[in-house]
S.K.: 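Take this structure first; my questions come after.
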Amino acid sequence: MHTGSCLCGQVAFTIDGALAPPSACHCTQCRKQSGHHWSSTETHQDNLSFNASETLGWFRASDTAKRGFCRNCGSFLFWQHADEDTISISMGAFDAPTGLTLNRHIFVADKGDYYELKDGLPQRAQ
């Protein structure tokens, strides 16, 4: 069981189920919304429950995905593909250590020009 929240605590959640190894997404949308790359894990959406969600907002970022955020503090918390029953959760939103380790980089073809990837993890162009 894992718990987490946004910065102000008005969106709080519990994950009761397995978490996938986290990845770092370097796509333009994640960089613009988070300020850098975005690291997330993934779980089945049925594993996610909310303890508080009154300020949870969703932004339809494209025809295929939406992004969940706190309308009060602006924390970018979730990413969900329209045709999938999984949800990605920001690694930075978890309250306690997860025991997970970054597994890969995705959308590296879109990464910012101000940093390099030298950790030896697998990289996917898209």
S.K.: Would you kindly confirm whether Leu100 and Phe78 end up in one hydrophobic cluster when ILVMFWY residues are joined by side chain heavy atoms under 4.5 Å apart?
M.R.: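 Linked, Leu100 and Phe78 end up in one cluster.
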S.K.: I'd like to know if the side chain of Thr41 reaches the main chain of Ala20, judged simply by a donor and an acceptor atom lying under 3.5 Å from each other, with no hydrogens or angles considered.
M.R.: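 Yes.
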S.K.: Ignoring hydrogens and geometry, is there a side-chain-to-backbone donor-acceptor pair from Gln29 to Ala61 under 3.5 Å?
M.R.: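 Confirmed, Gln29 side chain pairs with Ala61 backbone.
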S.K.: Counting only heavy atoms not in Gln126, do more than 12 sit closer than 6.0 Å to its CD atom?
M.R.: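 Yes - once you tally the heavy atoms of other residues, nucleotides and ligands closer than 6.0 Å, there are more than 12.
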S.K.: Quick one: side-chain contact (heavy atoms from CB on, under 4.5 Å) partners of Ser34, sequence neighbours excluded?
M.R.: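 In terms of side-chain contact (heavy atoms from CB on, under 4.5 Å), with neighbours along the sequence ignored, Ser34 is linked to Trp38, Phe76.
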S.K.: If I take atom CD1 from residue Ile89 and atom CD from residue Gln45, how far apart are they, to the nearest 0.5 angstrom?
M.R.: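 The distance works out to 10.5 Å.
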S.K.: Should Leu77 and Phe50 be regarded as members of a common hydrophobic cluster, given that ILVMFWY residues are connected when their side-chain heavy atoms come within less than 4.5 Å of each other, either directly or indirectly?
M.R.: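 Linked, Leu77 and Phe50 end up in one cluster.
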S.K.: Could you check Arg124, His105, Lys111, Gln123 and say which one makes a side chain to side chain donor-acceptor pair (under 3.5 Å) with His26?
M.R.: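 Of the listed options, the one satisfying the test is His105.
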S.K.: Using modelled atom types only, decide if a donor and an acceptor are shared between the side chain of Arg31 and the backbone of Cys25 within a distance under 3.5 Å.
M.R.: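 Here the side-chain-to-backbone pair does not exist.
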S.K.: Under the ring pair (Phe, Tyr, Trp, His ring centres under 6.0 Å) criterion, do Phe107 and His37 qualify, and how do the steps go?
M.R.: CA-CA 10 Å; Phe107 289 90; His37 60 78; over 10 Å; no
S.K.: Hydrophobic clustering (ILVMFWY, side-chain heavy atoms < 4.5 Å, transitive) - are Met91 and Ile106 grouped together?
M.R.: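 Different clusters: Ile106 never reaches Met91 through Ile, Leu, Val, Met, Phe, Trp or Tyr contacts under 4.5 Å.
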S.K.: Taking all atoms of both residues into account, what is the closest heavy-atom pair of Phe69 and Arg67, and its distance?
M.R.: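 Minimum heavy-atom contact is CD2-O, 3.8 Å.
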S.K.: Tell me, do Cys27 and Asp110 make a side-chain contact under 4.5 Å, heavy atoms counted?
M.R.: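 Yes, their side chains come closer than 4.5 Å.
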S.K.: Side chain of Ser53, backbone of Leu56: donor and acceptor closer than 3.5 Å?
M.R.: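 Pair absent, no side-chain N/O of Ser53 close to backbone of Leu56.
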S.K.: Name every donor-acceptor pair, under 3.5 Å, that has one atom in a side chain of residues 1-19 and the other anywhere in the protein, sequence neighbours excluded.
M.R.:
unit_1, atom_1, unit_2, atom_2, d
Thr3, OG1, Asp95, OD2, 2.9
Thr14, OG1, Asn51, OD1, 3.4
Thr14, OG1, Asn51, ND2, 3.3

